[in-house]
Every structure is written in structure tokens, then in C-alpha cells.
Amino acid sequence: MRRKTGIVPSTLMRMMCMLRMWGLGAGAWLVSGAAWAQKSFDDMPYKLDGGFDNPMTTISGITELSRDINRLYLTTTIIVTGVFFAVAIPLIYTLYKFRAKEGDDTPPKQLHGNVILEFLWTVIPVVLLVFIAIPTWQVIFKHDGVPARADAIKVHVIGHQWWWEFQYPDYGIKTAFELHLPENTPVDLSITSGDVSHAFWIPKFGGKTSAINGNINRLSWVTPPAKMPEVAGGDYYQGQCAELCGSSHALMRHVGVVHTKEGFERWVKAHNQPPKVETASQRDGEQIFGRCIACHAIEGTVSATIPGEKIGPNLSSFGSRSHLGAGTRKNTEENLAIWLRNPADLKPGALMPNLGLTEPEIKSLTSYLRQSTYKNY
Amino acid sequence: MSASTHSAGYSKTGIWSWITTVDHKRIGILYAISALLFMVIAGIDALLMRTQLAMPNNDIISAETYNGLVTMHGTSMIFLFIMPLSAAFFNYFTPLLIGAPDVAFPRLNALSFWIFLFGGLLLNSSYLIGQVPAVGWFAYANLTLKQYNPTHSVDFWVWGIQILGLASLIAAINFFTTILNMRAPGMTLLKMPIFVWTTLVTQVLLILALPVITVACVMLSFDRAFGTGFFDPGAGGYVLMWEHLFWVFGHPEVYILILPAMGIVSEILATMSRKPLFGYTVMVYSSCAIGFLGFAVWAHHMFTVGMGPWANALFSAATMLIAVPTGVKIFNWISTLWGGKIRFTTAALYAISFVAMFTFGGLSGIMHSSPPIDTQHHDSYFVVAHFHYVLYGGAVMALFGGIYYWFPKVTGRMMNETLGKVQFWLYMIGFNVTFFPMHFLGVQGMPRRIYTYAPDQGWNLWNLVCTGGAYLTALGAFLFAVNFFWSLWKGKIAGNDPWDGRTLEWSLPSPPLEHNFDVIPTVTHLDEWWHRKYSEDGKRKVMAPSPKFDPSTIHLPNPSFWPIVLAFGILMIGTGFFLPGFGNAIAIGTSVTGALVVLGSGFAWAYEKP
Amino acid sequence: MNTQDAAHGHGEKAHGSVTLYMVFAFVLCAITFLEWWIFKHRNSIGITNHTMVFTLLSLSLVKFAMVCGWYMHLRYDHKSLMKLLFGGMLLASGTFLALGIIVHPKECDALKGECFKIRDPAPAADTTVPAEAKPGEAAPTAP
Amino acid sequence: MMLDSHHAGSPGTAHAEAHEAHAHPTNTGVDNRKFAMWTLIASECFLFGTLIGNYLIHKDRGISGPKPHEVYQIDITTLSTFDLLMSSVAMVLALYYCNARRLRLFQFWTAVVAVGGIIFLGFQYYEFSTFVVHDNLGLSTNIFASSFYLLTGCHGAHVTVGVIWMLAILITSLIKGEKWFNSTMVEVAGLYWHFVDVVWIIIFTVVYLFVYV
């Protein structure tokens with residue numbers, strides 16, 4: 001399926017220069033007209049899949065941190081709305097009452113100032129702001145800079161150019177995209193970045209924290225109870241990178257997966273199991289995967305024994321992940337084939353090179369990666 | 001038209017007179033025209049971005065192009081539209097308002113315009129070779145380093161900002177000296193018009209904030225050119241250093257954008273309600289308070305970078321403190337309208353919409369002045385909505401109001417009122433339709449600067465509504481251009497004082513003569529011109545005949561072409577830093593010749609006959 | 001700046017005399033020599049770091065005030081120039097003092113590579129973070 | 001330092017300050033050019049404030065390469081501080097004689113100022129070359145070196161502009177002789193020179209004497 005190219009940057013630049021010659025009106029409408037005409041959803045590789053049961057809304061927080069934030073947000077909004085009406089109503093009334101009547105152009109009484117009024121509308125805002133400031137400081141000192149709880153699960157979150165890596169030092173697990181956590185357990189994230197600045201943000205769990213190369217920022221909250229019955233593999237809470245980090249900043253997503261306690265134990269045990277290689281195509285896939293071990297590792301295979309940090313994500317239980325390419329597309333046969341054919345199709349500027357695999361090689365590598373690493377937990 | 005004494009041989013009209021002009025009024029017009037042209041470019045950037053975001057998984061423009069448009073839209077609107085348009089008002093009206101023949105250093109004034117223009121052209125020439133800076137208007141550190149941005153795109157940004165900063169700094173020193181040193185006799189500081197006060201505070205902010213961005217840009221260009229490790233953590237550098245240095249400049253910068261707008265709104269509201277500005281001295285002190293506090297709040301842009309609880313708490317307190325003087329100003333504007341006879345001209349509509357929209361923007365700002373809430377709002381569309389309400393609903397509305405208000409004085413013709421009102425309501429509705437839904441997108445967790453989004457996030461409707469609003473605003477801008485050019489030739493002839501104004505510039509013919517005042521007025525009251533027209537109890541006074549004008553007392557500075565030459569030298573130094581070719585022979589060659597051009601024209605400038 | 005005091009343009013009488021300037025020159029050199037001497041013999045006179053910072057900084061501020069006050073005629077000029085200088089100095093030092101406090105690595109010292117430790121007020125026992133640059137796997141310990 | 005790139009960096013080429021002829025009566029009684037120079041000095045407080053702040057933050061964060069205390073030679077730097085102080089004194093005398101309209105003495109002391117500046121630049125050249133050659137502390141060796149060279153290089157660039165300005169005044173005075181006693185211009189140049197000297201006083205203490213802080 002030929003890759004359908006969007007407008008490539010250089011042609012667009014020349015068009016922008018001509019645009020200025022043609023003048024504002026025609027240019028803008030020309031562009032949007034062309035856009036509507038050529039729009040067709042189905043065969044377009046850039047399609048970003050959704051498919052998470054909890055979208056990124058900050059409104060209904062489910063951890064204590066996000067509930068505190070939303071409670072503070074509610075009090076601030078009420079005060080601020082009150083002030084807005086305290087400004088809007090006198091303004092509209094003044095405009096209505098003191099509009100110039102026809103033909104009466106004698107100058108009005110020249111008022112200069114009124115000390116009491118000035119005093120009032122200086123003190124009242126200060127009092128209102130104190131109502132915002134006190135709860136703000138309470139929430140700050142309740143959550144920020146508090147030492148990690150002893151029973152908290154330690155996770156190292158490392159942002160890379162356009163995917164998230166999660167390391168569990170206590171369980172020796174390295175995974176990507178999915179942050180698996182048991183329910184009702186305190187979590188202590190140490191967030192940093194391997195290259196440019198990113199920002200780790202799962203809106204429903206709580207505020208975002210910048211991932212900066214050379215800094216370790218801590219974020220901690222207590223996970224919510226697991227809603228879904230365990231068999232469905234935990235509830236997915238979507239998150240996305242919030243700091244401009246290059247061309248595929250929009251496609252750098254991660255997910256918080258909340259299991260029951262047993263579900264999490266099963267996941268921990270299952271994650272590092274070696275891949276089950278049964279069918280012939282899976283064996284071919286394993287051979288071809290030999291070319292990938294420079295950047296990727298699968299626990300329990302020879303690739304994991306090579307020392308050194310891997311550039312690419314760890315693919316131990318890749319089969320059981322819901323999405324591939326850091327949440328860009330659903331983890332299906334066809335999407336993985338598109339990715340292996342040319343990664344830059346799905347993620348512009350992706351650092352993974354085009355390996356030039358033939359179709360049969362792609363087929364067997366896909367079956368190896370998706371079936372043999374699949375673990376149901 | 002009395003012939004003012006010019007030494008012979010200088011043409012009065014034609015391109016050459018514009019290139020060598022040192023008259024603050026012509027430089028003001030040059031600033032305004034170039035600012036409005038740059039606005040057209042930045043407006044197209046905004047339209048392309050909104051078209052791309054209209055629907056999920058849109059493929060009109062690629063990711064790199066979108067990031068380029070985000071950066072150029074932000075940088076151009078702030079540095080190439082709002083600041084120069086405010087500078088146009090400073091240039092044209094400060095000498096008129098304080099009763100001075102011209103600015104303190106006319107040729108330096110011309111120099112700062114030409115450096116600005118070359119800086120703007122350098123920044124926009126990145127389009128022509130397709131290497132548009134794609135790092136956001138504040139270019140955070142790591143992303144701008146050589147290994148993540150190997151092309152020259154970031155160099156365009158760094159050197160563009162460097163040169164624009166130099167232009168604003170030279171202009172700031174010039175205007176600071178003019179306002180404090182060249183006021184008409186009798187005009188004490190507390191008898192100056194309010195717009196001159198906000199100009200003064202803006203110049204102080206510029207003088208003190210620009211060196212910080214100059215140093216930050218030098219550090220970044222050294223990182224990219226000579227491999228020093230200021231922002232490279234591998235070399236012991238500190239990524240957050242850029243964020244700190246940028247926002248130490250960045251926050252005074254946003255007050256530089258809003259203070260002139262506040263001054264213009266105060267002037268328009270006072271004139272249109274035929275009443276003096278309510279609580280003038282309080283307005284002056286609150287402007288100074290905003291300016292001073294501007295240096296104490298920069299880290300509220302960085303609540304999520306892990307500065308620790310104490311820094312967040314202190315900076316949130318300082319940020320909330322700034323809401324107090326702003327609130328005082330808003331209530332003073334409403335009290336100015338109270339008891340007046342308000343004429344709803346287009347300028348008055350713009351000023352009133354500034355008060356309403358800026359209040360809304362300021363209040364949404366207070367929401368994320370508290371760090372916990374800011375961790376949810378930071379880098380989301382809520383912040384985009386906030387600063388568009390404050391910058392677009394605030395500064396741009398006020399500047400357009402200023403254009404409608406002072407167009408008669410600059411060109412001698414009124415702008416068409418009916419077309420103006422239609423254009424205003426298009427702007428007002430389009431603006432709110434575009435940016436009000438962005439608050440919802442922000443709360444629904446849509447991050448900033450993403451070139452596309454998944455269909456099931458719940459963002460589809462609001463993004464479509466925003467794009468609709470954007471096109472409505474574009475129509476409004478188009479109507480403004482129509483009204484602008486139509487009124488230039490066919491507008492109703494405006495006398496000296498179409499709005500029955502309160503300040504000195506309305507005592508001059510419109511457009512004013514090149515030497516401004518025939519005789520420098522002695523000022524006795526605040527709102528001097530109103531006190532010359534009306535007695536205390538509001539009856540028209542018979543105006544004393546203006547004293548006889550003898551042209552011998554006027555000697556105007558001669559036009560000089562050294563400003564444009566020196567500005568071109570500075571441009572050569574800047575571009576020399578990253579021109580490719582022959583190793584870096586061309587680069588060093590251009591920079592060194594640039595330095596020599598600057599040195600040579602500096603000497604020629606100094607020894608030019610005055 | 002209320003009344004407009006008559007500016008006497010060029011010919012303002014020079015304020016100091018040559019001898020005054022020579023005395024000041026000598027005092028400036030003496031202070032500089034004193035600073036050099038303190039720094040050179042800091043061990044023998046057993047001065048602690050903090051007192052040294054305090055004395056050296058105050059000596060340089062004395063020199064600063066002398067040059068600004070007399071050599072730059074700040075004392076004889078209009079008060080607004082004094083406000084300008086002290087305003088700029090105050091704001092600059094205030095801003096960059098605050099910046100220094102924020103940026104100062106409280107718990108870790110970059111030289112010893114501690115900056116990659118968790119910035120934990122209560123230093124947890126063994127949680128040295130395997131920074132992405134550090135090779136080797138984290139030891140897989142049972143939970 | 002390499003090419004005089006400070007032009008683009010530093011605010012306003014000082015000697016391009018406009019050459020106003022008429023002394024317009026001003027509200028503050030201070031001549032426009034003097035007032036503008038003091039504003040430039042206020043702005044430069046922030047410029048050097050940023051550079052000094054940046055240096056103090058980075059001076060111990062160099063991961064590899066020489067440390068401040070291994071590199072600095074305090075004796076040489078004290079001599080260069082003496083030299084700059086003396087050139088500041090010479091500047092005051094030059095202004096004094098310019099007001100007193102004593103041409104020869106005015107020209108002599110202006111020459112002394114220019115020579116003092118050149119000697120200071122010589123010291124700086126010597127210091128930089130020993131750092132680069134002897135201690136291989138190049139511009140990009142480590143973060144300490146980069147911020148040190150940025151700070152002292154920017155100050156050196158300002159001294160260079162000052163020296164060029166002084167030479168311009170000297171040459172103008174030599175050519176025009178008795179007719180040219182523009183003491184306002186000399187005073188403005190003096191203000192610039194004293195400020196550059198005062199900044200060095202602070203840099204000398206903060207950089208060279210705070211090595212063990």
C-alpha cells in the first residue's frame with residue numbers, strides 16, 4: 001500500500017512564500033479548500049488510534065492527589081467567577097446608564113478619584129487571594145517534597161525521543177508505554193529524560209512533572225481501586241507527553257494500567273518469561289530478531305544478556321501490549337507490518353531506521369513479536 | 001506650511017527620504033506598517049495550524065512544519081507585531097504628548113527601527129530555505145542543541161531574537177531619556193498623560209530585562225557554534241538554566257506587551273467618556289508596581305520542573321500579588337466610564353472590550369497561579385486560552401483601538417465608523433468563538449503544540465469550533481485592511497481635535513508639522529488640552545491666540561543614512577555566525593566585515609555634522 | 001525634579017581638585033593591595049571562608065562606591081541618576097540571588113556526581129538511581 | 001577572544017551615541033547623553049549580573065578538566081586590576097583638564113587611559129593564552145571554562161570598545177586642537193570607562209578571590 005504523502009515540508013515553504021504574494025484572503029481559503037477536497041480517512045497512515053477506556057480529562061480525578069487538585073480548582077473557580085461578575089455587572093450597567101444622549105455634548109462632572117473606593121478594591125482582592133493562597137500552600141506541602149513512603153513501589157520513568165520507558169528496580173523489569181501498577185498502593189516515580197525535556201502526565205492520576213535530562217523529579221500518588229474485573233487485564237488510564245520534544249511530540253503517549261494485587265503479581269511473574277517459540281514462522285522471526293538486538297532486548301533471550309543500556313524499548317511482553325509505537329496505533333498484525341515496513345510512516349522523525357525487510361521476513365517477525373511474547377496475565 | 005529650516009539638499013518625499021528619515025513621526029509610521037505586515041504572516045501561520053487541528057488525524061501539514069508554524073506564530077506575533085506596534089505608538093505620540101520637538105536621539109531612533117526590520121527579515125528568511133525554527137517560541141534548552149536540531153533553524157531564531165532585542169534596547173534607552181529629560185516646562189512627572197507613564201515603565205522593563213535574553217542567546221549560540229556545554233547535561237551544563245534565564249526576561253516581556261495597551265485604553269476611555277481618568281495617581285503607582293513585581297514572578301512558568309515546594313509556594317504568592325494592582329486598574333477603568341457621557345465609537349468599543357477580555361484572561365491566569373492547579377494546566381490548551389485572552393483580547397484589541405483612535409491625527413482622515421463597528425464585532429465574536437472553547441480543551445487534557453490527536457479523545461467538536469472562530473477573525477482582519485486603505489484616501493476629513501481630546505497632541509494640526517510644536521507649550525495641569533478648552537465648571541473658554549511662530553527658532557536634525565548602514569552591519573554580524581560554505585570562511589568573513597561596517601558607520605555617524 | 005533647575009550645560013565647574021583625585025587613587029590602590037594580601041595569606045591569618053567572602057565583598061563595594069561617587073560625579077549630579085544606578089543594581093542582585101538559591105544543588109554536589117541521587121530530603125538507604133548512563137542491569141531482587 | 005562578536009551582544013555600540021550639538025535645556029538638568037549613558041549602565045548591571053550569576057552557578061559544575069583554583073594566578077590579575085584602576089584615575093584627570101581647557105595635559109591623560117586599557121587587554125591576552133596553552137582550558141573544555149570566558153570575554157570586549165572610543169577622542173583632539181573641547185562627550189566616555197572599571201572590580205573579587213567559596 002503506497003504511503004500517501006502529506007504535503008512535504010519544502011513544497012509547503014515555497015507555497016507559503018507565494019501565499020504572501022497572493023494576499024491573505026485567497027491563500028487561506030485555498031489551503032482549506034484543498035484540505036477538505038483531499039481528505040480521506042481510510043488509507044491514511046498518520047491515523048492515530050484511540051481505544052483507551054479513560055481519555056485524558058482532568059475533570060474526574062481518581063487519586064487523592066488529583067482530587068485535592070480538583071477541590072482546590074473548584075474553590076479558585078468559584079472565587080474567580082465571583083470576581084468576574086463583580087467586574088462585568090458594574091461595567092455593563094455603567095455602559096448602559098452613562099451612554100451619551102443625542103445632542104447633549106456638555107462635558108460631564110469631572111470626577112478625579114475617591115480614596116475609599118481605591119482602598120476597598122485593593123483590600124478586598126487581597127482578602128480573596130488569601131482564600132486561594134492558603135489552600136494552595138496546604139496542597140503544595142502535602143504532596144510536593146514529601147519523602148517517599150517505605151511501602152511505595154519505586155518506578156524510574158525515563159523519557160526518550162518519542163517513547164516512555166518504565167523501570168522497576170525492585171522487580172528487575174524494564175518495559176515501555178504501559179505503567180502496570182497494583183490498586184490502592186503508593187507509587188513513587190523518579191522522572192528523568194534520556195535526551196530532550198519531556199513531561200510525564202496522566203491527567204486522571206494528578207499533575208504533570210517535567211522529565212529533564214540531568215534532573216530527577218519525583219511524583220508520588222496512591223493508585224485507585226481496580227474497576228474492571230481482573231480478567232480484562234486492568235483499567236487503562238491514558239497519558240501523553242506535555243513538553244514539546246521534537247516532531248513526534250504528539251505521538252508520545254503512555255498508559256497507567258491498574259491491576260488488582262494478584263493481577264499485578266501475575267504480571268510481574270509473567271513479564272520476564274522467555275518468549276514461547278512454537279511455529280516455524282516464529283522460529284524464523286527469532287532469527288531475524290537477531291538483527292534487532294543492537295537496540296532492543298527481550299528478557300530471557302540472548303539479547304538481554306548483552307550489557308549496556310538499549311536505545312530501543314524493551315520488548316519482553318510486547319505481544320500483550322494494547323498499542324505499539326508509544327500509543328500511536330493499535331497492536332494489530334497490519335499495524336506492526338506498517339511499522340516494520342517504514343517506522344517514519346507512523347512516527348515522523350522516528351529514530352528507528354528502515355531495515356528494508358522483505359514481506360515474508362516481516363510476516364515471520366510479526367508473528368514472533370506478537371505471538372511468542374504474548375502473555376496473558 | 002512654514003518652511004522649517006533644513007540645510008539644503010535633503011529631499012522631502014520619496015523613498016530616500018523614508019530611508020534616511022530621523023523624524024519620530026515617520027519612524028512611527030514605518031514601525032506600524034512593518035508590524036501590520038508581519039501580523040499578516042503570523043496570521044497565516046495561525047490559520048494553517050487551526051486548519052490542521054480542525055479534525056483529528058488531519059494531514060494538511062506534517063509534524064515538523066506544524067512545529068515550525070507554532071514557533072514562528074508565537075515569535076512573530078510577540079516580537080514582530082505587538083512590540084513594534086506599541087513602539088509605533090511610542091515613537092509617534094510620546095514627543096507629542098510631552099511637548100517635545102523630537103526624541104532625545106533622533107538618529108539612534110532610526111537605528112533601532114532599521115535593526116528591528118533587519119532582525120524581523122532575518123527571522124522570516126528561515127521560511128525561504130525551509131529551515132523554520134521548530135522549538136516553540138521560548139526554545140527550551142535541550143531541544144535547541146546541535147544534536148537534536150542540527151539544521152540552522154534554531155540559529156535563525158537565536159540571532160533573530162538577539163538583533164530584535166538590541167533594537168528594543170536602543171529604543172528603550174532613547175525613550176527613557178526623552179520622557180525624563182525632554183518634557184515641556186511645567187509638566188512634572190505627575191502631570192504627564194497616563195500613556196506616557198506606561199511607556200516609561202515599559203522602557204524600564206525593556207532596559208532591565210533585555211540583557212538577560214542577550215546573555216542567554218549568546219550562551220545558546222556558543223553552544224551551537226563552539227560546542228560549549230552551557231545547556232548540555234553531558235558536559236555538566238544545566239538544562240533548566242535556559243528556562244530560568246528566558247523567563248527572567250520572559251515575564252517582564254509579557255508586561256512589556258500589556259502595559260502600553262493599558263496606557264492606550266486609559267487614554268481612549270477618558271476621551272470617549274469626556275471625563276478625566278479615575279484615580280490617575282493610583283493608576284500610575286499600580287503600573288510601577290506591575291513593572292517592579294514583574295521581576296519577582298518568573299518561576300510561575302516553571303512550577304512543574306521540580307523546584308521544590310518552597311520555591312513554588314513563594315512564586316505563587318508573588319504571582320497572586322500582581323493580581324492586586326491589575327484589579328485596581330480594572331476597577332479604575334470602570335469608574336472612568338461611570339458618570340461620563342460615553343460615545344460608542346469603534347475606538348471606545350475596542351477599549352471596553354479590552355477591559356472585559358483582559359479581566360477574563362487575568363482571572364483565568366489567577367486559576368493557574370497556584371502550583372497544584374498549574375500541574376494540570378501547564379502546557380495544556382487552558383494556558384493557550386489564558387494567554388490569548390490576555391495577549392489577543394488584551395494587547396491586540398487595545399492596539400487596534402489605538403489605531404482607530406489616533407488614525408485621524410496621523411493621516412488627517414477619520415476611519416469609517418460603520419465598517420469599523422462591523423469589523424470590531426467580527427473580531428470580538430471570532431475571538432471568543434476561537435479561544436473560549438480552548439478552556440474546555442485544556443481541562444479535557446489536550447496538551448499544547450500537538451499537530452494531531454486521536455478521534456476518541458472528546459476534543460473533536462471544540463477544535464472544529466476553534467477553527468471556525470479563527471476564520472471569522474481572519475475575515476475581521478481582512479475587513480480591517482479594507483477599512484485602513486479605504487480611509488487613507490476616502491475617509492472623512494478630521495480636524496485637529498475630532499474626539500474633543502484631553503492631551504496635547506490634539507492641539508496640533510493633523511498630521512502634525514515636522515517640528516511638532518510651533519512654540520513649546522508651558523503645562524499647568526494634568527490633561528492640559530482639556531483645561532485650555534474648558535473652564536472648571538465645564539463651559540468652553542475662548543482660546544488664547546497661539547503666539548506668533550518664527551521659523552528661526554526651529555532647527556531640525558538632518559536626515560542621515562548611517563542608521564541603516566550600521567543596522568545592516570549588525571545584521572551581517574548576526575547572519576555571519578551560521579552562514580555555511582568553505583568551512584566557515586564565509587561565516588567569519590561576513591561577521592568581520594559586519595563588525596568593520598558597524599565600526600566605520602559608527603565613526604562616520606559620530607563625525608557627521610549635526 | 002519638580003522645578004526644572006537651570007541646566008548649566010557644558011561649563012559646569014569640575015567638582016574635585018587634582019589632589020582629591022590623587023588621594024582617592026592612592027586609597028583605591030591600598031584597598032586592592034589589602035584584598036590581595038588577605039587572599040594571599042588567608043591560611044596564615046586563619047580566616048574562614050565566610051568572613052573572607054564578607055570582607056572581600058565589602059572592600060570591593062567600598063571601591064565601587066568611591067569610583068561611582070566621586071569619579072563619576074554621581075554625588076554632584078541629579079538624584080535621578082543615583083536612583084537609576086541603585087535601582088538597576090538592586091533589581092539585578094535581587095533577581096540573581098533568588099536564581100542562585102533556586103538553582104543551587106542543595107543536596108548534591110555535581111563534582112562527586114551526586115546530582116543524580118534522588119533529591120530526597122530524607123536520604124533513603126540504598127536507592128542510588130541507576131542513571132541511564134550507568135551500565136549494567138539493576139540487580140533483580142524479589143519484592 | 002576571537003572576533004569582536006560583542007557588538008551584536010552588547011547593547012548599543014557606545015560610540016555610536018548620537019553626537020548632539022545643541023545642549024537642549026532638560027528637566028533633570030543632566031545632559032541627554034549623560035542621562036542615556038547612566039541608563040546604559042543600569043542595563044549593563046543586568047548584563048553583568050546575569051554573567052556573574054551564571055559563572056557562580058557553574059564554577060564548580062565542570063565534570064572534567066581543570067578547576068578554578070588550579071588555574072588562577074592571583075598576582076597577575078591583581079596587577080591588571082591596579083592597571084585598570086590607574087587608567088580610571090587618568091580618565092578623571094583627563095576630564096578635569098578638558099574642563100580646565102588645558103589641551104596638552106588633556107591629550108596626555110587621554111593617551112594614558114588608552115594605553116592603560118591596552119595594557120589591561122595585554123594582561124587578559126596573556127592570561128587566556130596561558131589557560132589555553134598551559135592548562136589546556138579551552139572555551140569548551142568544561143562548563144567552568146565556558147562561563148569564565150563568557151564573563152571575562154564580554155568584559156574584555158567592553159574594554160576594547162572603550163579603548164577605541166578613547167583613541168577616537170585623542171585623535172579628534174590632536175586634529176582639532178584648541179577648537180574642540182567637547183567636555184560632555186569626554187565626560188560620557190569617562191562614565192563608560194569608569195563603569196567598565198567598576199565591573200572589573202566586582203569581577204576581580206567574585207571570580208578570582210571567591211575561588212574557595
Side-chain angles (χ1 to χ4, degrees), chain B residues 104-108 111 159 162-163 166 169-170 172-174 176-178 180-183 187 207-212 214-219 222 226-230 235-238 241 245 248 555 566 569-570 573-574 577 588 591-592 594-595 598-599 601-603 605-608 610, chain D residues 2-22 24-33 35-37 39-40 42-51 53-54 57-58 61-64 139-147 149-150 154 164 168 172 185:
Chain B
F105 308 104
R107 287 178 300 181
L108 212 56
L111 173 69
W159 283 101
Q162 193 82 292
I163 294 173
L166 189 62
L169 187 66
I170 297 174
I173 293 175
N174 202 344
F176 187 74
T177 312
T178 310
L180 286 182
N181 246 357
M182 295 175 70
R183 283 164 283 133
M187 179 185 268
I207 287 168
L208 297 182
L210 282 169
V212 182
T214 308
V215 167
C217 282
V218 165
M219 285 158 77
F222 274 23
F226 307 125
T228 55
F230 286 113
Y238 192 48
M241 203 57 194
L245 285 184
V248 165
H555 49 272
L566 203 144
I570 289 176
I573 294 176
F577 238 74
I588 295 179
S591 294
V592 169
V598 166
L599 216 56
S601 49
F603 274 111
W605 172 314
Y607 295 107
E608 194 177 29
Chain D
M2 63 323 174
L3 62 98
D4 185 356
S5 72
H6 115 276
H7 273 282
S10 102
T13 42
H15 61 269
E17 213 69 47
H19 191 55
E20 281 317 288
H22 50 82
H24 184 78
T26 61
N27 300 101
T28 58
V30 177
D31 179 83
N32 276 346
R33 286 167 292 169
F35 197 90
M37 180 48 76
T39 334
L40 182 64
S43 160
E44 300 252 314
C45 285
F46 252 81
L47 182 86
F48 283 105
T50 321
L51 289 168
N54 178 42
I57 288 166
H58 287 304
R61 293 178 76 115
I63 288 185
S64 65
L139 176 62
S140 48
T141 313
N142 58 15
I143 191 77
F144 149 66
S146 319
S147 35
Y149 282 123
L150 194 67
C154 181
I164 294 168
T172 325
M185 179 47 72

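We name chains A, B, ... by the order of the sequence lines, and we start the count at 1 in each one. Note that the structure is predicted; figures quoted are calculated from it, not measured.
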Enquirer: With chain B as the partner, which of D/Gly53, D/Ser140, D/Gly49, D/Ala145 has the greatest number of non-hydrogen pairs under 4.5 Å?
Expert: D/Ser140
Enquirer: Would you tell me whether D/Thr28 and B/Asn181 have side-chain atoms, one donor and one acceptor, within less than 3.5 Å of each other?
Expert: yes
Enquirer: Mind ranking B/Val248, B/Leu245, B/Val215 by heavy-atom pairs under 4.5 Å with chain D and telling me who comes out on top?
Expert: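 Ranked by heavy-atom pairs under 4.5 Å with chain D, first place is B/Val215.
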Enquirer: Considering all heavy atoms of both residues, which atom of D/Ala168 and which atom of B/Tyr607 are nearest to each other, and what is their separation?
Expert: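 D/Ala168 and B/Tyr607 have their closest heavy atoms at O-OH, 3.5 Å.
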Enquirer: Check each atom of D/Ser147 against the heavy atoms of chain B and say whether the ones under 4.5 Å are side chain, backbone, both or neither.
Expert: both
Enquirer: What pair of heavy atoms forms the shortest contact from D/Asn32 to B/Ala104, and how long is it?
Expert: ND2-CB, 3.9 Å
Enquirer: Would you mind reporting whether B/Trp605 and B/Leu108 have side-chain heavy atoms less than 4.5 Å apart?
Expert: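 Result yes, sub-4.5 Å side-chain heavy-atom pair found.
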Enquirer: What part of B/Leu210 gets within 4.5 angstrom of chain D, counting heavy atoms only: side chain, backbone, both, or neither?
Expert: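 Nothing of B/Leu210, per the 4.5 Å heavy-atom cut-off to chain D.
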